[in-house]
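Numbering of ligands and ligand atoms starts at 1, following listing order. In what follows, every heavy atom counts, from backbone to side chain, and hydrogens, waters and symmetry copies are set aside.
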Amino acid sequence: MAGFHLDDTIAAVSTAMAPAGIGIVRISGNDAFEVADRVFRAKKEGKKLSAVKSHTIHYGWITEGEEVIDEVLVMVMKGPKTYTGENTVEIDCHGGVLAVKKVLEAVLNAGARAADPGEFTKRAFLNGRMDLTQAEAVMDVISAKSAYALKSSESQLRGTVKKAIRAIREKLIYEIAFIESALDDPEHISLDGYPERLAVVVAEQKKQVEKLLASADEGKMIQEGIKTVILGKPNAGKSSLLNLLAGEEKAIVTDIAGTTRDVLEENLVLKGISLRILDTAGIRKTADTVEKIGVDRALEHAKDADLILYVVDASVPLDENDAKIMEILKGRKAIVLLNKSDLTAVIEKEEMEQKTGAPVISISAREETGMEELEEQMKKMFFQGEISFNDEVYITNARHKQALLEAKKSLELTAGSIEMGMPEDFFSIDLMNAYEELGSIIGEAVGEDLVNEIFSKFCTGK
Ligand code: GDP
């Protein structure tokens, strides 16, 4: 983030650049009020934003020279009780994308600098308004692919991760301090029997780290979409279904790195749920058509899927392929789709419900019916039922996971040293490593590089 100065006044559009009723231009910095005064003309003549009370709203126009750009509401907030901790002005524009852009231009011409990606949030962090976990959660909010992912980001903002990590760090620093003191003052503090006691603490805290790691894995699922596999025997209508789902939602087809051409990935959002559909059998018709593969290969990929969509051709009897698929459905999150409902059915809904224990929905990929019900069913499964995320601690960020793994490793090394009867000062080195790794997650004791790296990932306006 070259040219970064905390004393600049910065500005950016804070809302999505999309057709919407309102757009917000945010200005933050020492001169925010003066900059705003240069472009704002209040309805009440002579009113200056730099002279009004903090946290008040004012009606008027943004002008540049003689030209009136937009009718606006302006919110004036004095630091430090603002998002960034600095003087902040938010201009509520009413005129759509073009007006928002022109307002921003006027503000920039009046002396503000265009904010770097994530710079508002970076300032909030540097001014002590939020910790790193919260800042990263904001980044997740910005880039959340769906309302579903948004939920977990919000739970990070509440600081649940921070709390869990603080608790572990407190335990570790206590032991580190104890060892150091004992080594300093062996006459008064005895280390007799201490390694055994420490071993218990280390095992406990390792468990806590592992819990966080497990939630990191769940967070990953939420972040990147639910790994979904479509199964069904040849001609059941898998590709028709995928094309239908994807067609509606403008799917993005991507190659999965490191795999052969026969696995493609589709990302799409249904009812606010981000799905990552693994196109295991090349069922999506691509330009250089991939050959369809058999049920067996598809089943391999289905093993670690979060959700299975099982497509059944209801117009023909079940066969041994169906039997194989139903075997793998046991105990899995699955939805059965009785396809070709436009034809005469030879398979009944109740029959499939009994055979699979999964919800069964009649659809016709050709007639495009049943999609609404499918979407509702997914929503039900992921929002109300099987996955609950309200009270969980989620760590969605890969860096968090890396730090947790390092911390875990350091705790394991400590346990190893204890077991081998190493001298006490060996323990505190590894404990300190774990302590620092955990600290890097919540922004305590982090290097400038890391801060920059994280904030450069933010998009402008936050
Ligand atoms: P896949 O082999 O499972 O990918 O199946 P396809 O999607 O290629 O479909 C196989 C055949 O069934 C094609 O001729 C489709 O047009 C047809 N088909 C798919 N869905 C329906 C449906 O809902 N009704 C009818 N009548 N035909 C369908």
Restricting to heavy atoms, the pick from L242, T369, L241, D342 nearest atom 24 (N) of ligand 1 would be D342

Interfacing atoms of ligand 1 (cut-off 4.0 Å, heavy-atom, K233): 3 (O)

Side chain or backbone, does S341 bring an N or O within less than 3.5 Å of an N or O on ligand 1? no

Can a salt bridge be assigned to the pair R166 and E170 using a cut-off of 4.0 Å between side-chain N and carboxylate O? no

For the residue pair I69 and W61, establish whether any side-chain heavy-atom pair is separated by less than 4.5 Å. no

Using only heavy-atom distances, determine whether the side chains of Y83 and T121 contain a donor-acceptor pair under 3.5 Å. yes

Check this for me: does any side-chain nitrogen of one of K233 and D322 sit under 4.0 Å from a carboxylate oxygen of the other? yes

N or O pair under 3.5 Å between L343 and ligand 1: no

Using a 4.0 Å heavy-atom cut-off, which part of E367 comes near ligand 1: side chain, backbone, both, or neither? neither

Could you note down all residue pairs passing side chain to side chain donor-acceptor pair (under 3.5 Å) where residues 407-419 supplies at least one of them, sequence neighbours left out? none

So is G232 touching ligand 1 or not, going by heavy atoms under 4.0 Å? no

Heavy atoms only, cut-off 4.0 Å: how does I363 contact ligand 1, side chain, backbone, both, or neither? neither

When you check the gap from the basic side-chain N to the acidic O, do R123 and E119 get nearer than 4.0 Å? yes

Before signing off on this row, confirm whether A236 and ligand 1 have an N or O atom pair separated by under 3.5 Å. yes

